[in-house]
Amino acid sequence: FTLVFAALPVRPPSALERVREAQRQMQALKAGWEPAVGVAFIKMLDKLPKPLMQAVLNHYTRRASLVLTNVEANRHPVRFAGALVKDIYGWVPSAGTIGVGVSVVSYCGRLNVGLIADKAKVPDVATLADCFRAEWRHMQAELGPRPAA
């Protein structure tokens, strides 16, 4: 687990261009030095006295507007304690001054999205969720169905 900072590609006019640019940025980040520094930073934070840790975390998280995590879970159904797992949802813990968290989990060919927001920063989270849904529908219409793997 680590944190990296990526600028969201909001300028390209098409969804396909935005998705490709986001993929390009994330691949470049993952191949670079930032993930290793992020892991070391998180380990260092844990060693600090709590007030200092909070101050450093707040300073660090002011660079971000949201946390987005993407987890690829199993492609085939699994069982937990004998019961079939029908869906899996992630939850992004809030940290520092970041007011929005988005979790994306793919499981059994489905994509589940979770959204959490600090009411002080996003007073109308329902509108934000509606915007996510609208953009998702727009992207699906533009990109079309994904071929089966």
Side-chain angles (χ1 to χ4, degrees), residues 1-80 85-118 120-122 125 128-149:
F1 169 80
T2 190
L3 301 172
V4 294
F5 290 94
L8 292 175
V10 295
R11 297 234 184 264
S14 79
L16 182 58
E17 288 175 278
R18 291 190 302 272
V19 168
R20 284 189 175 150
E21 178 59 18
Q23 287 175 327
R24 186 196 64 73
Q25 283 185 33
M26 288 310 299
Q27 290 305 319
L29 278 169
K30 289 176 185 179
W33 55 267
E34 198 168 343
V37 170
V39 168
F41 178 76
I42 290 169
K43 287 180 181 178
M44 181 268 313
L45 274 179
D46 192 42
K47 308 283 187 232
L48 296 175
K50 186 153 177 101
L52 182 57
M53 178 191 75
Q54 194 62 52
V56 170
L57 185 62
N58 286 345
H59 177 76
Y60 187 67
T61 58
R62 278 191 203 102
R63 295 180 53 203
S65 56
L66 68 89
V67 172
L68 178 111
T69 184
N70 177 26
V71 176
E72 183 178 356
N74 290 27
R75 292 181 183 194
H76 304 287
V78 296
R79 294 188 172 276
F80 181 75
V85 176
K86 294 180 181 177
D87 277 313
I88 297 176
Y89 287 87
W91 207 251
V92 177
S94 59
T97 60
I98 299 174
V100 178
V102 180
S103 62
V104 181
V105 179
S106 58
Y107 175 68
C108 295
R110 289 185 305 278
L111 201 61
N112 295 323
V113 179
L115 174 66
I116 186 170
D118 181 341
K121 295 184 179 186
V122 184
V125 72
L128 180 60
D130 289 343
C131 290
F132 268 89
R133 282 190 215 62
E135 180 61 16
W136 179 249
R137 285 191 296 270
H138 171 76
M139 289 177 71
Q140 285 179 308
E142 184 180 323
L143 299 175
R146 185 174 175 177

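- Considering CG of Asn58 and CE of Met53, their distance stands at 9.5 Å, rounded to 0.5 Å.
- With a 6.0 Å radius and a threshold of 12 heavy atoms from other residues, nucleotides or ligands, Arg110 has its CZ atom above the threshold.
- To the nearest 0.5 Å, the span separating CG on Leu68 from CE on Met26 amounts to 8.5 Å.
- Here Phe41 pairs with Tyr60 under the ring-ring contact (aromatic ring centres under 6.0 Å, His included) rule; sequence neighbours left out.
- Atom CG of residue Leu143 and atom CG of residue Leu16 lie 5.5 Å apart, to the nearest 0.5 angstrom.
- Closest heavy-atom contact between Gly90 and Val105: N-CG2, 3.4 Å.
- When all heavy atoms of Pro77 and Cys108 are compared, the pair lying nearest together is N-SG, 3.3 Å.
- Salt-bridge formation is not detected for the pair Arg20/Glu17: no Lys NZ or Arg NE/NH1/NH2 atom is positioned less than 4.0 Å from an Asp or Glu carboxylate oxygen.
- Looking only at distances, no side-chain donor or acceptor of Ser103 sits under 3.5 Å from a matching main-chain atom of Thr69.
- To the nearest 0.5 angstrom, Lys50 atom NZ is 11.0 Å from Leu45 atom CG.
- In this structure, CG in Leu115 is found 9.0 Å from CZ in Arg133, a value given to the nearest 0.5 Å.
- Using a 3.5 Å distance cut-off with no hydrogens or angles, the side chains of Gln25 and Glu21 do pair a donor with an acceptor.
- Heavy-atom minimum distance, Ile98 versus Leu66: CG2-CA, 3.6 Å.
- Enclosure of atom CZ in Phe80 is not indicated, since only 12 or fewer non-hydrogen atoms of other residues, nucleotides or ligands lie within 6.0 angstrom.
- At least one side-chain heavy atom of Val122 sits under 4.5 Å from a side-chain heavy atom of Val100.
- For Ser106, the side-chain contact (heavy atoms from CB on, under 4.5 Å) partners are Glu72, Leu111, not counting sequence neighbours.
- Residues meeting the salt bridge (charged side-chain N to carboxylate O under 4.0 Å, His left out) test with Glu142, sequence neighbours left out: none.
- Residues Val102 and Phe132 approach most closely at CG2-CZ, 3.7 Å, considering heavy atoms.
- A donor-acceptor contact shorter than 3.5 Å is absent between the side chain of Arg63 and the backbone of Phe5.
- Here the straight-line distance linking atom OH of Tyr107 with atom CG of Asn112 works out to 10.0 Å at 0.5 Å rounding.
- In terms of modelled atom types and a separation under 3.5 Å, the side chain of Arg18 and the main chain of Val10 share no donor-acceptor contact.
- When all heavy atoms of Ala15 and Met139 are compared, the pair lying nearest together is CB-CG, 3.6 Å.
- Taking a cutoff of 4.0 Å between a charged side-chain nitrogen and a carboxylate oxygen, Asp46 and Lys43 do not qualify as a salt bridge.
- Heavy atoms of other residues, nucleotides or ligands lying less than 6.0 angstrom from NE2 of His138 number more than 12.
- Residues Gly32 and Pro35 share a closest heavy-atom pair of O-CD, 3.6 Å.
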